[in-house]
Amino acid sequence: MPEPYVILVRSLIAFIVVLTFARLMGKKQISQLTFFDYIVGITIGSITATLAINQNIRIIYGLIGLFVWGILPILFGWLSIRSNIFRKLVEGSPTKLIENGQVLERNLHQAKMSVDDLTTMLREKNAFNLSDVELAVLETNGKVSVMKKANQQPLTPKDMDQTVEDSHEPKILVVDGHLLQENLHQLGYTKEWLLGELQKQGANDFSNVFLAQIDSKGRVYADLYHDRLKIPKVQQRALVSAQLKKVQADLETFAQQTNNEGAKQMYSDQAQQLKQTTETLKPYLK
């Protein structure tokens, strides 16, 4: 067989074997690359390249080498799941670099990291000042996890004692003019409701819509064919909020205008109840 064909066949064999082992090793091999995984990757790559182009090495010898270096990470991964001691022996353990706001110089030296290395990794986590960092940990994959001090962390609705509406994954409802009934039913909306929302944005039918998506607040985004001019969206939630405030203002006005004490008290009570209701619904009407 001519040499180019021999190299082609050997390369295809090496590619199929490496692809098989890559699938068996799983995504962790890529997403959480440890020092051991790094060594294994380099070695397998070297064996594969040699097997593909070096005809002085028999294919069977190259496959044996790939099998050994491919099966070991799978075996070690299985043992690591079942034994903490074995996992620490193979993958190591995380190293604290900053604790309670203090840089741990000894751990920094053991990790073979300079101050510049530390500050660079902290900046990648948006921690530009050492004084802002409460805890920094060097993970086994070489990345640094950072926890900022409480006064440097962003506020959340929970911190401000606010109620927010739960969110769900945005769903695609229309693709290339075709309605995805399953997604629509999962969210509890009807076909007629969706068509009404699309008509507000300039579509006459589902066939006019290239892509439509709904978010957790029930807002529909529609992209029509030919980029036709869209009708301005009606902000239904904002409209409801404005109407509630108008009714509250009307009740307060009625209370001021009437001379009947009973009616005045009734209007005032209803206005106060409506105000409380509006405040409760405020997170859902944005």
Flag yes if more than 12 heavy atoms outside [X] fall under 6.0 Å of its [atom1] atom; otherwise flag no.
X: Gln102; atom1: CD; value: no
X: Gln181; atom1: CD; value: yes
X: Arg82; atom1: CZ; value: yes

*With respect to Val174, which candidate in Leu194, Leu211, Ile214 satisfies the side chain to side chain contact (heavy atoms under 4.5 Å, CB included) definition?*
Leu194
With a 4.5 Å cut-off on side-chain heavy-atom distances among I, L, V, M, F, W and Y, is there a chain of contacts connecting [X] to [Y]?
X: Tyr189; Y: Leu173; result: yes
X: Leu75; Y: Ile85; result: no
X: Val146; Y: Leu104; result: no

N/O donor-acceptor pairs under 3.5 Å from side chains in residues 118-131, not counting sequence neighbours:
residue, atom, partner, partner atom, Å
Thr119, OG1, Val115, O, 3.1
Thr119, OG1, Asp116, O, 3.0
Thr120, OG1, Asp116, O, 2.8
Thr120, OG1, Arg123, NH2, 3.3

Distance-only, no hydrogens or angles: does the [X] side chain make a donor-acceptor pair with backbone N or O of [Y] under 3.5 Å?
X: Asn260; Y: Gly262; result: yes
X: Gln153; Y: Lys148; result: yes
X: Gln201; Y: Val220; result: yes

_Checking Glu252 against Gln248 for the side chain to side chain donor-acceptor pair (under 3.5 Å) test, could you report, in this order, the C-alpha distance in whole Å, the side-chain angles of both residues, the deciding distance, and whether it holds?_
CA-CA 6 Å; Glu252 292 173 349; Gln248 178 190 337; 3.3 Å; yes
*Taking it one step at a time, do Leu180 and Val175 satisfy side-chain contact (heavy atoms from CB on, under 4.5 Å)?*
CA-CA 7 Å; Leu180 304 182; Val175 176; 4.1 Å; yes
Interatomic distance, [X] atom [atom1] to [Y] atom [atom2] [nearest 0.5 angstrom]:
X: Leu251; Y: Met266; atom1: CG; atom2: CE; answer: 8.5 Å
X: Leu66; Y: Ile71; atom1: CG; atom2: CD1; answer: 12.0 Å
X: Ile59; Y: Ile64; atom1: CD1; atom2: CD1; answer: 12.0 Å
X: Thr190; Y: His185; atom1: OG1; atom2: NE2; answer: 8.5 Å
X: Ile44; Y: Phe67; atom1: CD1; atom2: CZ; answer: 12.0 Å

Under the side chain to side chain contact (heavy atoms under 4.5 Å, CB included) test, residues paired with [X] that sit two or more places apart:
X: Leu195; answer: Gln199, Asp205, Phe206
X: Ser11; answer: Ile7, Ala52
X: Thr43; answer: Ile39, Ile47, Trp69
X: Asn151; answer: Lys149

*Considering residues at least two apart in sequence or located in another chain, which fulfil the salt bridge (charged side-chain N to carboxylate O under 4.0 Å, His left out) criterion with Asp117?*
none
*State which residues pass salt bridge (charged side-chain N to carboxylate O under 4.0 Å, His left out) with Lys96; sequence neighbours excluded, sorted by chain then number.*
Glu99
Listed by chain and number, what are the side-chain hydrogen bond (donor to acceptor under 3.5 Å, both in side chains) partners of [X], not counting sequence neighbours?
X: Glu134; result: none
X: Gln186; result: Lys171
X: Asp250; result: Lys246
X: Asp176; result: Tyr225

Are [X] and [Y] packed together at the side-chain level, in the sense that at least one heavy-atom pair is separated by less than 4.5 angstrom?
X: Leu244; Y: Thr277; result: no
X: Ile98; Y: Leu135; result: no
X: Val137; Y: Thr95; result: no
X: Asn107; Y: Gln110; result: yes

Work out which heavy atom in [X] is nearest to a heavy atom in [Y]; give both atom names and the distance.
X: Val209; Y: Ala212; value: CG1-CB, 3.9 Å
X: Val144; Y: Ala136; value: CG1-CB, 4.2 Å
X: Ala203; Y: Leu224; value: CB-CD2, 3.8 Å

Extract all donor-acceptor atom pairs below 3.5 Å that involve side chains of residues 267-276 and protein atoms in other chains or at least two apart in sequence.
residue, atom, partner, partner atom, Å
Ser268, OG, Lys264, O, 2.9
Asp269, OD1, Gln265, NE2, 2.9
Asp269, OD2, Gln265, NE2, 3.4

